[in-house]
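Remember, it's a predicted structure, so these values are computed and weren't measured experimentally.
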Amino acid sequence: MLAELDELGPVTRPMFGCHAVYVDDKIVFILRDKGDPRDDDGVWVATTREHHVALRRDLPSLRSITVLAGGGVTGWQILPAEADDFEESVLHACELVKRRDVRIGKVPGGRRGERRGR
């Protein structure tokens, strides 16, 4: 996956026992593999609620993350590892990042005054 983003110079950092992927000043993905796909293993996509519907048209297996907000809807979405189209969807999500699609990526920190999950 990181090789797909190589031209953008992605940076990875540990986060909550996972690996966060940053491009420029934005977090774009979190890679999670805790060993139990029912526990939201897969690629977490940094987005906002306003983009969920449009992203699901491009990434049909995209869904809300159950381990966040007690299973409620947050800005984060997941491409679940157990999805039949997982690899294809991850590659497509990488293409969207390479195209600088505004629907993927969040600038962390600094914006703490904004509501979480947007």
Side-chain angles (χ1 to χ4, degrees):
M1 173 187 182
L2 291 177
E4 294 298 318
L5 298 175
D6 195 47
E7 68 192 60
L8 302 178
V11 173
T12 61
R13 295 187 185 123
M15 180 181 284
F16 310 122
C18 303
H19 292 89
V21 179
Y22 295 81
V23 172
D24 299 327
D25 61 341
K26 292 182 177 181
I27 186 171
V28 291
F29 303 122
I30 291 179
L31 312 179
R32 180 182 168 104
D33 185 6
K34 299 285 187 171
D36 185 351
R38 294 171 299 166
D39 234 1
D40 287 331
D41 280 353
V43 176
W44 293 16
V45 179
T47 187
T48 58
R49 290 177 185 159
E50 68 192 72
H51 297 306
H52 290 184
V53 172
L55 277 173
R56 281 194 192 109
R57 282 193 292 267
D58 289 334
L59 305 165
S61 64
L62 195 71
R63 65 166 172 77
S64 291
I65 297 171
T66 59
V67 298
L68 296 178
V73 176
T74 70
W76 285 90
Q77 297 287 281
I78 184 175
L79 294 169
E82 75 271 9
D84 291 337
D85 66 344
F86 177 69
E87 290 182 24
E88 178 184 322
S89 291
V90 170
L91 291 174
H92 188 61
C94 288
E95 281 299 317
L96 293 174
V97 170
K98 288 190 325 192
R99 287 189 230 146
R100 308 290 184 172
D101 191 306
V102 298
R103 298 174 298 174
I104 298 178
K106 295 182 181 188
V107 177
R111 293 186 168 182
R112 300 209 184 272
E114 291 185 10
R115 285 188 354 217
R116 290 278 183 208
R118 287 185 22 138

How long is the span from the [atom1] atom in [X] to the [atom2] atom in [Y], to the nearest 0.5 Å?
X: T12; Y: F29; atom1: OG1; atom2: CZ; result: 13.5 Å
X: R99; Y: L96; atom1: CZ; atom2: CG; result: 5.5 Å
X: D85; Y: L79; atom1: CG; atom2: CG; result: 8.0 Å
X: L8; Y: K26; atom1: CG; atom2: NZ; result: 12.0 Å
X: Q77; Y: I104; atom1: CD; atom2: CD1; result: 11.0 Å
X: S89; Y: D58; atom1: OG; atom2: CG; result: 10.0 Å

Could you check whether atom NE2 of H19 has more than 12 heavy atoms from other residues, nucleotides or ligands sitting under 6.0 Å from it?
no
Can you hop from [X] to [Y] via hydrophobic side chains spaced under 4.5 Å?
X: V28; Y: M1; answer: yes
X: L68; Y: L55; answer: no
X: L91; Y: V97; answer: no
X: W44; Y: I27; answer: yes
X: F16; Y: I78; answer: yes

Give the minimum heavy-atom separation between [X] and [Y], together with the two atoms involved.
X: E4; Y: K98; value: O-CD, 3.0 Å
X: T74; Y: H52; value: O-CE1, 2.9 Å
X: P80; Y: S61; value: CD-O, 3.4 Å
X: A81; Y: F86; value: CA-CD1, 3.7 Å

Which residue is it: T47, V45, I30? I am looking for the one with a side-chain contact (heavy atoms from CB on, under 4.5 Å) to W76.
I30
Side chain proximity check, P108 to Y22, heavy atoms < 4.5 angstrom
yes
Side chains of V23 and R100, heavy atoms from C-beta outward: is any pair under 4.5 Å?
yes
Does the pair V90 and E87 meet the rule for a side-chain contact (heavy atoms from CB on, under 4.5 Å), with working shown?
CA-CA 5 Å; V90 170; E87 290 182 24; 5.8 Å; no
Determine whether a donor-acceptor pair (N or O, by modelled atom type, separation under 3.5 Å) exists between the side chain of [X] and the backbone of [Y].
X: R49; Y: V73; value: yes
X: R32; Y: C18; value: no
X: D25; Y: V107; value: no

